[in-house]
Amino acid sequence: MPELPEVETVRLGLAKHVIGKKILKVEVLHPRATATKSLAPLSSLVGAKIKGVSRRGKFLWFDLDRPEVLVAHLGMSGQFLISNSVSKKEQAPVRHLRVRIDLGRTELRFIDQRTFGWLAVENTTEGVPTAASHIALDPFDPNFDLEIAIARFSGKRTEIKRALLDQEVISGVGNIYADETLWRSKIHPETRCEKMKPAKIREVILNATKVMKEALAQGGTSFDELYINVNGESGYFERSLAVYGREGESCPKCHSAIRRIRFANRSSHFCPKCQPRPRA
DNA sequence: GGAAATGTTTACCG
DNA sequence: CCGGTAAACATTTC
């Protein structure tokens, strides 16, 4: 579920609530919540103080007053929720609660229905944890370089949608924003990158950036309770979606029926009129 | 009741 | 390198 705008919404919420707090206790309630690559059990972080919350693409991490970081990936259904610590007795059971991190008056909870998300203790290289070291810069990164990104797309001999989803080409874009980006760009998802002019690729990247910025401003996209911010609130970008999840409904631009195709093992939504299939 | 679908990532195979 | 497929899993929808 969570793509860059959702992860960034979570990061902002976490930063507001956990920076400066010390980890007093860590309770792992599901074995898959700790990534196998974790250098140590999450409980080894007891005593560490949280100095900051960082993000690259869809990867999140907590910077600590020690070299290691606590890395998190939300997968399809991961959430962080901030709650006030209450005595064990008063706690209502929380569905899919995987990890509890005691920060004193605050408890940080990692909740994950499908358990594709994970946490890990990792080292960093130039401030970036191992898990995210192969991930390209996302368009919100101050060091993001548009020309380098264009070159990377141009070098891919594959379809534009696959490249958009490839986190080593550009990071942060997932299935929702890829479809929305291509609709805005009037490009069919199966258009080959090598057939696209650099100017068109530039337009695609800029549209991806724009659609994710707009989504961030609305707190991200929530279809259900599977994506909510650290306070348990939903995002409102769903109402702004032009094609994603709208198969059979009308294109906001031309009113043709939106189509859905299976593609790269997931659904792609597009307008057959605004985004005609490129001729081979 | 069962199949198909769901926002991610990684691995494997041809 | 590319692309298809599968896998990890729980839940909802058709």
Side-chain angles (χ1 to χ4, degrees), chain A residues 1-10 29-38 55-60 71-80 94-98 110-120 122 129-136 138 152-182 189-195 208 211-212 215-216 218-229 234-238 240-241 243-248 260-269:
Chain A
M1 103 216 176
E3 304 178 37
L4 191 155
E6 292 76 36
V7 178
E8 177 64 6
T9 301
V10 169
L29 300 139
H30 192 291
R32 286 171 50 82
T34 308
T36 50
K37 60 180 162 246
S38 185
R55 181 189 58 72
R56 173 176 286 186
K58 304 170 196 170
F59 289 76
L60 263 180
V71 193
H73 196 290
L74 302 179
M76 292 281 268
S77 55
Q79 317 177 341
F80 276 113
V94 179
R95 239 152 89 99
H96 307 126
L97 178 58
R98 307 305 188 197
F110 181 64
I111 293 141
D112 190 10
Q113 182 208 104
R114 293 176 69 184
T115 69
F116 295 162
W118 48 263
L119 307 184
E122 289 200 345
T130 313
S133 62
H134 65 295
I135 300 294
D138 63 66
R152 226 180 257 140
F153 272 92
S154 300
K156 293 300 276 187
R157 307 177 67 81
T158 186
E159 297 100 336
I160 183 68
K161 176 152 178 187
R162 285 182 195 276
L164 266 175
L165 293 174
D166 185 338
Q167 303 298 303
E168 300 186 33
V169 172
I170 189 174
S171 70
V173 181
N175 210 28
I176 300 176
Y177 299 113
D179 283 0
E180 294 299 310
T181 295
L182 294 173
E190 290 172 308
T191 308
R192 306 285 306 186
C193 292
E194 64 268 35
K195 296 238 167 168
V211 70
M212 292 197 293
L216 174 60
Q218 296 185 55
T221 302
S222 306
F223 296 114
D224 46 39
E225 292 300 297
L226 282 191
Y227 166 69
I228 50 180
N229 69 17
S234 292
Y236 291 98
F237 196 68
E238 183 190 1
S240 306
L241 297 177
V243 287
Y244 186 88
R246 299 189 65 244
E247 180 183 20
R260 176 170 74 108
I261 55 175
R262 289 298 293 180
F263 185 77
N265 253 338
R266 50 222 307 194
S267 288
S268 285
H269 310 75

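These figures come from a predicted structure and were not determined experimentally.
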- [ ] Have a look at Ser268(A) and tell me which of Glu159(A), Lys161(A), Arg262(A) forms a side chain to side chain donor-acceptor pair (under 3.5 Å) with it.
- [x] Lys161(A)
TODO: For dA8(C) versus dG1(B), give the span between their C1' atoms, rounded off to a whole number of Å.
DONE: 25 Å
Open item on the list: Rounded at 0.5 Å granularity, tell me how far CZ in Phe237(A) sits from CD in Glu3(A).
Closed with: 10.5 Å
Open item on the list: Could you tell me how far apart Phe116(A) (CZ) and dG7(B) (C1') are, to the nearest whole angstrom?
Closed with: 11 Å
- [ ] Can you figure out which of dG7(B), dA5(B), dT9(B) approaches the side chain of Lys58(A) most closely?
- [x] dT9(B)
Open item on the list: Please report the distance, rounded to the nearest Å, between CG in Leu4(A) and C1' in dT8(B).
Closed with: 14 Å
Task: Any donor-acceptor pair under 3.5 Å from Arg114(A) side chain to Met76(A) backbone - done: no
Task: Gap separating the CD atom of Glu194(A) from the CD1 atom of Ile160(A), nearest 0.5 angstrom - done: 10.5 Å
TODO: Calculate, to the nearest 0.5 Å, the distance between atoms CD1 and CG belonging to Ile111(A) and Leu74(A) respectively.
DONE: 11.0 Å
Task: Stems formed with participation of DNA chain B [Watson-Crick or G-U wobble, under 3.5 Å, three or more pairs] - done: B:2-6 with C:10-14, B:8-14 with C:2-8
Task: Terminal contacting nucleotides, 5' and 3', DNA chain C versus chain A (heavy atom, 4.0 Å) - done: dC2(C) to dT11(C)
Open item on the list: Base, sugar-phosphate or nothing for His30(A)? Non-hydrogen atoms, less than 4.0 Å.
Closed with: nothing
Task: Gap between atoms CZ and C1', on Phe263(A) and dG7(B) respectively (whole Å) - done: 18 Å
- [ ] Let me know, please, whether Gln113(A) or Gly155(A) comes out on the 5' side of the other along DNA chain C by nearest nucleotide.
- [x] Gly155(A)
TODO: Give a yes or no on whether the backbone of Thr115(A) and the side-chain of Arg32(A) come within a donor-acceptor separation of less than 3.5 Å.
DONE: yes
TODO: Please answer whether the main-chain N or O of Ala136(A) pairs with a side-chain N or O of Ser171(A) as donor and acceptor at a distance below 3.5 Å.
DONE: yes
TODO: May I have the distance from Lys161(A) (atom NZ) to dG7(B) (atom C1'), rounded to whole angstrom?
DONE: 11 Å
TODO: Classify the nucleic acid contact of Asn175(A) as base, sugar-phosphate or nothing, counting any heavy atom under 4.0 Å across all strands shown.
DONE: sugar-phosphate
- [ ] Round to the nearest Å and state the distance from Gln167(A) atom CD to dT10(B) atom P.
- [x] 9 Å
Task: dT8(B) OP1/OP2 closer than 4.0 Å to side-chain N/O of Arg266(A) - done: yes
Open item on the list: Taking Pro5(A)'s backbone N and O only, do any of them form a donor-acceptor pair with Thr9(A)'s side chain (distance below 3.5 Å, no angle check)?
Closed with: yes
Task: Approximate separation, where rounding is to 0.5 Å, of Leu182(A) CG and Tyr177(A) OH - done: 14.5 Å
Open item on the list: Quick check on DNA chain B: between Ser222(A) and Ile135(A), whose nearest nucleotide comes earlier from the 5' end?
Closed with: Ser222(A)
- [ ] Figure out the CZ/C1' separation between Arg32(A) and dT10(B), and round it to whole Å.
- [x] 12 Å
Open item on the list: Whole angstroms only, please: what is the OH-C1' distance between Tyr177(A) and dT8(B)?
Closed with: 15 Å
Task: Nearest-Å distance for atom pair CZ/C1', residues Arg262(A) and dA3(B) - done: 13 Å
Task: With sequence neighbours excluded, residues passing salt bridge (charged side-chain N to carboxylate O under 4.0 Å, His left out) with Arg55(A) - done: Glu8(A), Asp138(A)
Task: Integer angstrom distance from the C1' of dG7(B) to that of dG3(C) - done: 22 Å
Open item on the list: Check this one for me: any side-chain N or O of Ser267(A) less than 4.0 Å away from OP1 or OP2 of dA5(B)?
Closed with: no
